[in-house]
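By convention here, the first residue in the shown sequence is residue 1.
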Amino acid sequence: DFYKGSDIALEGFSAFSRRVPGARLVLMGWGENREAYLSRLKAYDAADKVILLPIAGKKRLIQYLRAADCLLDQFILGYYGATGLEAMACGLPVVMRLEREQYDGMCLTGAPPVLNASTAGEICASLLKLEGDSRQRKAIASAHREWFLANHGSARWKQIYSDMLLAT
């Protein structure tokens, strides 16, 4: 909760699931806060909308990401990590809080096109946006994949890595 704002994500998803009853939240079922999150989802009356998955290796995680409609990442720090990058690499829309100005200056093509959210209401609105228009969701997913390739793909880094290997 302190660093990633998982409590905010749970509240945002719960609000979304009240408006879209068929929605499901897929969680990796581990971590020291697991029971607290399950209790919180019960309090939000959303526990029956959660699918708990066991810890998974990278290959299985990629399968999960490719089967999802979006990723809820983090809502406190403002920085993406490996999970966000993996989701974007899979062409998955990412909902998170992002320090856009910092990434605009750091990334070749500017900040990633994530759906920027930092409150439960903004998370719910982002989920409704993705759910409400499949064409838009596909366009957002494609933009995430394109951004990943432009900033982190092998074509972007091949020459730099080759030069470094030759130099060493």
Side-chain contact test, heavy atoms from C-beta onward, threshold under 4.5 Å: evaluate it for [X] versus [Y] and give yes or no.
{"X": "Tyr64", "Y": "Val26", "answer": "no"}
{"X": "Leu71", "Y": "Val95", "answer": "no"}
{"X": "Leu25", "Y": "Ile51", "answer": "no"}
{"X": "Ile62", "Y": "Glu86", "answer": "no"}
{"X": "Phe2", "Y": "Ile76", "answer": "no"}
{"X": "Tyr80", "Y": "Val94", "answer": "no"}
{"X": "Lys129", "Y": "Gln136", "answer": "yes"}

Closest non-hydrogen atom pair, [X] against [Y]:
{"X": "Arg100", "Y": "Asn116", "value": "NH2-CB, 3.7 Å"}
{"X": "Cys70", "Y": "Leu130", "value": "CB-CD1, 3.7 Å"}
{"X": "Pro93", "Y": "Arg137", "value": "CG-O, 4.0 Å"}
{"X": "Gly78", "Y": "Tyr103", "value": "O-CE1, 3.7 Å"}
{"X": "Ala46", "Y": "Ser14", "value": "CB-OG, 3.6 Å"}
{"X": "Ala120", "Y": "Ile8", "value": "N-CG2, 3.5 Å"}

Does [Y] offer a backbone N or O that forms a donor-acceptor pair with the side chain of [X] under 3.5 Å?
{"X": "Asp73", "Y": "Met96", "result": "no"}
{"X": "Asn151", "Y": "Cys107", "result": "no"}
{"X": "Gln74", "Y": "Tyr79", "result": "yes"}
{"X": "Thr168", "Y": "Met164", "result": "yes"}
{"X": "Arg97", "Y": "Leu77", "result": "yes"}
{"X": "Arg145", "Y": "Ala89", "result": "yes"}

How about [X] and [Y]: does a side-chain donor come under 3.5 Å of a side-chain acceptor?
{"X": "Ser39", "Y": "Glu35", "answer": "no"}
{"X": "Asp1", "Y": "Ser6", "answer": "no"}
{"X": "Ser126", "Y": "Glu122", "answer": "no"}

Which distance, rounded to the nearest 0.5 Å, do you find between the [atom1] of [X] and the [atom2] of [Y]?
{"X": "Leu38", "Y": "Leu52", "atom1": "CG", "atom2": "CG", "result": "5.5 Å"}
{"X": "Thr83", "Y": "Leu61", "atom1": "OG1", "atom2": "CG", "result": "7.0 Å"}
{"X": "Lys158", "Y": "Asp163", "atom1": "NZ", "atom2": "CG", "result": "11.5 Å"}
{"X": "Leu127", "Y": "Asp69", "atom1": "CG", "atom2": "CG", "result": "10.0 Å"}
{"X": "Arg60", "Y": "Lys58", "atom1": "CZ", "atom2": "NZ", "result": "14.5 Å"}

query: Given Leu10 and Leu72, is the side chain to side chain contact (heavy atoms under 4.5 Å, CB included) satisfied, shown in steps?
result: CA-CA 9 Å; Leu10 296 178; Leu72 300 179; over 6 Å; no
message: According to a hydrophobic-cluster definition based on side-chain heavy atoms being under 4.5 Å apart (Ile, Leu, Val, Met, Phe, Trp, Tyr only), do Trp157 and Leu85 belong together?
response: no
query: With hydrophobic residues grouped by side-chain heavy-atom distances under 4.5 Å, do Leu65 and Leu149 end up in a single group?
result: yes
Kindly check if the number of other-residue, nucleotide or ligand heavy atoms within 6.0 Å of [atom1] ([X]) is above 12?
{"X": "Arg34", "atom1": "CZ", "answer": "yes"}
{"X": "Asp133", "atom1": "CG", "answer": "yes"}
{"X": "Lys4", "atom1": "NZ", "answer": "no"}

query: How are the rings of Phe13 and Phe16 set relative to one another: parallel (under 30°), tilted (30 to 60°) or perpendicular (over 60°)?
result: tilted
task: Check whether the ring centres of His152 and Trp147 lie less than 6.0 Å apart, and answer yes or no.
output: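 Yes, the ring of His152 comes within the 6.0 Å limit of the ring of Trp147, centre to centre.
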message: Between Phe75 and Ile123, is the side chain to side chain contact (heavy atoms under 4.5 Å, CB included) condition met? List the steps.
response: CA-CA 9 Å; Phe75 301 96; Ile123 293 166; 3.6 Å; yes
message: If you apply the rule side chain to side chain contact (heavy atoms under 4.5 Å, CB included), what do you find for Leu92 with His144, and how did you get there?
response: CA-CA 7 Å; Leu92 193 62; His144 280 82; over 6 Å; no
